[in-house]
Trainee: 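Here it is, the structure, as structure tokens.
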Number of protein chains: 2
Amino acid sequence: MILYPHTATSQEGGATMYQQAGSVGQDDHMTTPLYRRVADALRTEITSGGYTPGMDLPSERELQSRYDASRNTIRQALQTLVAEGLVVSSQGRPYQVRKQEIFTLNASRFEDLRYSTAEDGDSYDNDVLASGRIPRQDFQVQLVPAPPEIADRLWIEPGETVTLRYCLRFVDDVPWSTQATYYPRALVERHPRLAEPRDISEGTTRYLADHGVEQVGQRDEWMSRPPTPDEARALQIGPGVSVLVWTRTGHTRDRPVRCTLTTFRGDLNRITYDLGDLSALDGKDQS
Amino acid sequence: MILYPHTATSQEGGATMYQQAGSVGQDDHMTTPLYRRVADALRTEITSGGYTPGMDLPSERELQSRYDASRNTIRQALQTLVAEGLVVSSQGRPYQVRKQEIFTLNASRFEDLRYSTAEDGDSYDNDVLASGRIPRQDFQVQLVPAPPEIADRLWIEPGETVTLRYCLRFVDDVPWSTQATYYPRALVERHPRLAEPRDISEGTTRYLADHGVEQVGQRDEWMSRPPTPDEARALQIGPGVSVLVWTRTGHTRDRPVRCTLTTFRGDLNRITYDLGDLSALDGKDQS
DNA sequence: AAGTGGTCTAGACCACGTA
DNA sequence: ACGTGGTCTAGACCACTTC
């Protein structure tokens, strides 16, 4: 198959290799580039269901002859689809239409003790289990100097030693998010289990509440950006996929007690907040 | 300058053109690709302040000789920096280090009438003006069939005619976000100013509240993804920049009354939510 | 006119996955 | 062994911007 610019044009008389190229997408003024027309054609096939999630795409060499384009041009087209998140690639394996399984997190209820009991345990585990999937967390505890943006939120001096509880979280064994929680030194001294390098079964929020440190409010901040090389490795994503960064600073009535930085892949997560009076939704599906 | 794989290797004895290429980054096993080493070098120069925001980078041809690489390889390196959002490019102009001016939106207060008076006007204008910038909105009103995801949130049938108030928003004349608000037909019939194709000076939330339709709660949903071609055009962003998509469904005590879809560039916006009791912050900077 | 990035070709070698 | 994607080269023409 050959993609013509706007109206069909003849392919004959391709003189030099560059003239021939031009007759399809280069000489003609104001025509959309060939790589984009190829990307559009493939995108249409994917979204219209011609290629379904999990299915392999034709190989680059195959597409090359199918669209009468050079391999670089085909690669540029595929690269576009990867950046759009429609397609994944890995060395040695064909391009694949990506599976879109989306996970929803209700941030306004997350860590809210009214929605859980002491037996329930960790907020994250609960949310994942509730959606019928299997959670896993790899824990790690470190003592680190507070980065400026953390110190600012915790009302401490930059560089002061803080306890960092870091974990890499999995959903059905797929790396899903990283989470780093910073606690001020004074708090950890009074509540030493925060420094234990393993999960706290009833959840840290509950542990602190049971010992008189009640987190009554939190400020959340969200941003989205391309993954750093570190994040790309930890979350096993390519540069075309953006990450959502969630910063939650928890407060008691007097002061901030912790700051949690979570990163997700931006395309496979939905975050919801319920604000005000949503009693209208009570009878409805809470999705 | 030449970037050697791990330790410096001799350049002599480049036989064929491919061998020569190999001696820098191809023959050697387990070395990071040349394009990535070039990208890393440039990224370091940018983040360490060698190239400051707004400054031009050397041209592709210049970098080509500087790093002894082909133009395609240099382009691949620059392409990754564009995808990371560090650099912008446009035809005919040199690559430029991107300016990072960030805008913060407090979503938990947005449209909350407790934080404004009848004279204040539009929520968006307020938020932008409060940060010392100049807002502008291009308005448009259409009657459209309700898309399924909108119908679902508004408790109406897909395809039912709804009123769509669409606007493209600017901050200091830079396209910043698009916003599309859908109102069910029955509501517009009772409150006809919703169908006027211009801004409602006191804000739609206030207009409805003054006529007995009080929005007492809202459910927000967030996601992040690569821009669609339409969004890329409207927001003037490239494919390397992700967009944040905000869906807010407003409810009265009885039912949903509107659904607003907002898209921003993900890298230049911060979204905050204040939850629970944050009286601890009262004396502090509310940034 | 000269310089810059955007598109495209043709062809090479390599690393990885599968069989 | 073979096919797939990943990296790289050398060189061409084009469109846009600036002078």
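To find a chain, count down the sequence lines: A is the first, B the second, and so on, and within it residues start at 1.
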Trainee: Would one find a side-chain N or O of Ser90(A) under 4.0 angstrom from OP1 or OP2 of dG5(D)?
Mentor: no
Trainee: Look at atom CD1 of Ile134(A) and say whether more than 12 heavy atoms of other residues, nucleotides or ligands are closer to it than 6.0 Å.
Mentor: no
Trainee: Grab the CG-C1' distance between Asp56(B) and dT18(D) for me, whole Å please.
Mentor: 12 Å
Trainee: Give the nucleotide from the list dA10(D), dT4(C), dC13(C) with an atom nearest to the side chain of Ser70(B).
Mentor: dA10(D)
Trainee: Between atom CD in Gln64(B) and atom C1' in dG11(D), what is the gap in whole Å?
Mentor: 10 Å
Trainee: Please tell me which of the listed nucleotides, dA15(D), dT7(D), dC8(C), lies nearest to the side chain of Gln91(B)?
Mentor: dA15(D)
Trainee: Counting only side-chain heavy atoms from C-beta out, which of dT9(D), dT17(D), dG5(D) sits nearest to Ala69(B)?
Mentor: dT9(D)
Trainee: Measure from the side chain of Gln76(B), starting at C-beta and using heavy atoms only, and say which of dT7(D), dT9(C), dT18(D) lies closest.
Mentor: dT7(D)
Trainee: Should the side chain of Arg61(B) and the base of dG5(C) be counted as holding a donor-acceptor pair, with the cut-off at 3.5 Å?
Mentor: yes
Trainee: Map Gly92(A) and Arg36(A) onto DNA chain C by nearest heavy atom, then report which one ends up closer to the 5' terminus.
Mentor: Arg36(A)
Trainee: For dG6(C) and Tyr95(B) - does any side-chain N or O of the residue sit under 4.0 Å from the phosphate oxygens OP1/OP2?
Mentor: yes
Trainee: What is the distance from CG of Leu34(B) to C1' of dG6(D), rounded to the nearest Å?
Mentor: 13 Å
Trainee: Using a cut-off of less than 4.0 Å, is there contact between a side-chain N or O of Arg75(B) and OP1 or OP2 of dG6(C)?
Mentor: yes
Trainee: Considering only side-chain heavy atoms of Pro94(B), which listed nucleotide, dT7(C), dT4(C), dG6(D), is closest?
Mentor: dT4(C)
Trainee: Among the candidates dG5(D), dT9(D), dT7(C), find the nucleotide nearest to the side-chain atoms of Tyr35(A).
Mentor: dT7(C)
Trainee: Quickly work out the Leu78(A) CG to dT4(D) P distance and round it to whole Å.
Mentor: 13 Å
Trainee: What I'd like to find out is whether the side chain of Tyr35(B) reaches to under 4.5 Å of the side chain of Asn72(B), using heavy atoms alone.
Mentor: no
Trainee: Whether Arg43(A) and Asp40(A) form a salt bridge (side-chain N of Lys/Arg under 4.0 Å from carboxylate O of Asp/Glu) is what I want to check.
Mentor: yes
Trainee: Where does the angle between the aromatic ring planes of Trp176(A) and Phe103(A) fall among parallel (under 30°), tilted (30 to 60°) and perpendicular (over 60°)?
Mentor: perpendicular
Trainee: How long is the gap from CG on Leu168(B) to CD on Gln137(B), to the nearest 0.5 Å?
Mentor: 10.0 Å
Trainee: Looking at Pro135(A), Pro175(A), Ser177(A), which one forms a side-chain contact (heavy atoms from CB on, under 4.5 Å) with Arg169(A)?
Mentor: Ser177(A)
Trainee: Quick one: on DNA chain C, does Leu57(B) or Arg71(A) contact a more 5' nucleotide (nearest heavy atom)?
Mentor: Leu57(B)
Trainee: What is the distance, rounded to the nearest whole Å, between atom CD1 of Ile74(B) and atom P of dT4(C)?
Mentor: 14 Å
Trainee: Out of dG5(D), dG5(C), dT17(D), which nucleotide sits closest to the side chain of Ser59(B)?
Mentor: dG5(C)
Trainee: Which nucleotide in the set dA10(D), dT7(D), dG5(C) lies at the smallest distance from any side-chain heavy atom of Asn72(B)?
Mentor: dA10(D)
Trainee: Expressed as a whole number of angstroms, how long is the span from Glu60(B):CD to dT7(C):C1'?
Mentor: 11 Å
Trainee: Between dG6(C) atom C1' and Arg93(B) atom CZ, what is the distance in whole Å?
Mentor: 16 Å
Trainee: Quick one: Gln79(A) CD to dC8(C) P, roughly how many Å, whole number?
Mentor: 15 Å
